[in-house]
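Inspection log for the structure reproduced underneath, given as structure tokens.
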Number of protein chains: 2
Amino acid sequence: MRGVFYSQSGDFLHWHTHLSARLPNLDLEDHQHTMDPEAVDYALVWNAPPGFYQQYPNLRAVLSMAAGVDHILSDPSLPDSVPVLRLTDAGMADQIAEYVALGALVHIRGMLGYLDQQRRQIWQSNENRQAQATTVGILGPGTLGRRAAERLIALGFHVLGWARQPRLASFEVHTGPGGFERVVEQSDILVCLLPLTKETRGVLNARVFERMPPNGFLINCARGAHLVLDDLRSALNSGQLQGALLDVFPEEPLPDGHWLWSHPQVMITPHVAARTMVDDACRQIADNLVNLAMGHNLTGQVERTKGY
Amino acid sequence: MRGVFYSQSGDFLHWHTHLSARLPNLDLEDHQHTMDPEAVDYALVWNAPPGFYQQYPNLRAVLSMAAGVDHILSDPSLPDSVPVLRLTDAGMADQIAEYVALGALVHIRGMLGYLDQQRRQIWQSNENRQAQATTVGILGPGTLGRRAAERLIALGFHVLGWARQPRLASFEVHTGPGGFERVVEQSDILVCLLPLTKETRGVLNARVFERMPPNGFLINCARGAHLVLDDLRSALNSGQLQGALLDVFPEEPLPDGHWLWSHPQVMITPHVAARTMVDDACRQIADNLVNLAMGHNLTGQVERTKGY
């Protein structure tokens, strides 16, 4: 079984080494190498360019090198019949949970204000919030969101979740459009961990910020396209939102001179909230390649109509 | 029973209101009001000036409005026989625990580096650390330190403590000079929650920073005088320490133009890690005033020879 690898950010040799350790007969080539496209059985990809998949007429699976698959599903050249597989944890849950906990603590302890005061050499104490009086709404309580919720609950926060469909969770999860409103209306801190789909594109917008309790905080570690940036700017400047911690952006790297870089109410990280741990990722990928070869059930298979 | 109140930062009427709610016959006056000094039974104080206590020859107790009592014990005018009482929680444990958790997450997620990159509009991902591969050493595992340890353990950190004398704790606590070395040598993050005494003044110094594992992080939310600032600067600039989160300073407010304000590896807060929650504080103070009037045992009584 032969595979093709595409990533601009992941190193081919690094991934090949980790996968070969689990699959001694691995036959995986970087896309730049000459090979017979008709002999390619699977693609292991991150952000392949549009039209990539039509080069390989006999694809039996496309495996994402991370949790997101929007970069795969957005390519119209991929036949509907090819299974698309996402990573479901790969060391990302703990990282996301830490990142979200960090953002929540930054908010309740007013750190964005203190950082701004430090820049301006101002010594002034401001009001604290208390975790136990703060509700965090997690949009997308999947594997990553549930781990984040656990950590937040251990820190004393009240946690709500919103999912498209009912889910088993150790905290209150609302569903449907009415449930979405109820979660937003109670969330002092809103965390986006949703998959990017037609329905969720632009879901973080003025209408949502207006319904949140005053002086709210936004944490986006899903995709840049979930957030309407002009609406964020208005909400920050009007004081509806007190701050935001953003890991993802419509254009990455974030362009030079973009207003987000220098807004004192915004903390930015360069898409590092959950970096794929190559070894953890390769465990799941190797299992799926064996499943594919043996005709067994695949894990992390995306429902193409839902988009995740 | 009559009391005198002294604080520049706490509002007399605010404290009086909260205490009166618990003690309807409260007889407490601000120090600026004329009263018979010989009739004063107790002092409720924060940072009273040297010589303050010698005005009141019949003091039966001095109550601190916070956890620290160094501001009281450093006054030679206070007779050894007068009990000094400190607050043992008053809502401070949760706050300290949040502050320490925030600092630990800031460190392992490289936020000081990302904040500096944001200022300079640089998009670059750096290595993460993992909580489970990070040891936090808590110097002073009292009520506040134990709560901090609980939160850190819930976030996946490994926690060690150091105390002068053996203590019951749910984590490994070392004692004595040898134990101090063992904790320092293992602590990627060192947290100071010690009382300020003759023995602990300057305890955070070059010798300690040299013994910590490389790229360490310091969190000081005890007293400014615990830390030798010149040693901190050398350790930051040499890279021995990667960063510091500081809430307390030798001189407060931190003077204009001080190097700490603008050092990119230092995050500063203006002595707000644990603000006294007046209502929680007044519960403990009211209980102690009743104990004092009734001749019962007092809580939070400081051992004058130990200094805490």
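Order of the sequence lines sets the chain letters (A, B, ...), proteins ahead of strands, with each chain counted from 1. Keep in mind that the numbers below use all heavy atoms, side chains included, and drop hydrogens, waters and symmetry copies.
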Could you measure the distance from the [atom1] atom of [X] to the [atom2] atom of [Y]? Nearest 0.5 Å is fine.
{"X": "Gln130(A)", "Y": "Met277(B)", "atom1": "CD", "atom2": "CE", "result": "3.5 Å"}
{"X": "Leu254(B)", "Y": "Ile122(A)", "atom1": "CG", "atom2": "CD1", "result": "13.0 Å"}
{"X": "Leu115(A)", "Y": "Ile268(B)", "atom1": "CG", "atom2": "CD1", "result": "10.0 Å"}
{"X": "Ile108(B)", "Y": "Tyr99(A)", "atom1": "CD1", "atom2": "OH", "result": "13.5 Å"}

Heavy atoms only, distances under 4.5 angstrom: which of [options] has the most pairs with chain A? Name it, please.
{"options": "Asp94(B), Asp256(B), Asn128(B)", "value": "Asn128(B)"}
{"options": "His258(B), Met111(B), Arg151(B)", "value": "Arg151(B)"}
{"options": "Asn126(B), Val106(B), Leu105(B)", "value": "Leu105(B)"}
{"options": "Gly257(B), Ser262(B), Ala97(B)", "value": "Gly257(B)"}

*How far apart are the closest heavy atoms of Glu98(A) and Arg129(B), and which atoms are they?*
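That would be OE1-O, 4.5 Å.
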*Closest contact, heavy atoms only, Ala154(A) versus Ala154(B)*: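 That would be CB-CB, 3.6 Å.
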*asked:* Please classify the contact between Phe249(B) and chain A as side chain, backbone, both or neither, with a heavy-atom cut-off of under 4.5 Å.
replied: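 Contact with chain A is through the side chain of Phe249(B) alone.
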_Region of Gln132(B) in contact with chain A, defined by heavy-atom distances below 4.5 Å_ =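 Side chain only.
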*Check whether any side-chain heavy atom of Trp123(B) lies under 4.5 Å from a side-chain heavy atom of Glu252(A), and answer yes or no.*
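Yes, their side chains come closer than 4.5 Å.
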*asked:* The test is side-chain contact (heavy atoms from CB on, under 4.5 Å); show your working for Arg109(B) and Gln95(A) and say whether it passes.
replied: CA-CA 9 Å; Arg109(B) 300 310 297 256; Gln95(A) 292 181 75; 3.8 Å; yes
*Contact leader toward chain B among Gln117(A), Gln118(A), Gln124(A), His271(A), where contacts are heavy-atom pairs under 4.5 Å*: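 Max contact count across the listed options: Gln118(A).
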*Who among Pro255(A), Ala273(A), Gly110(A) has the most heavy-atom pairs with chain B under 4.5 Å?*
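Maximum pair count with chain B is reached by Ala273(A).
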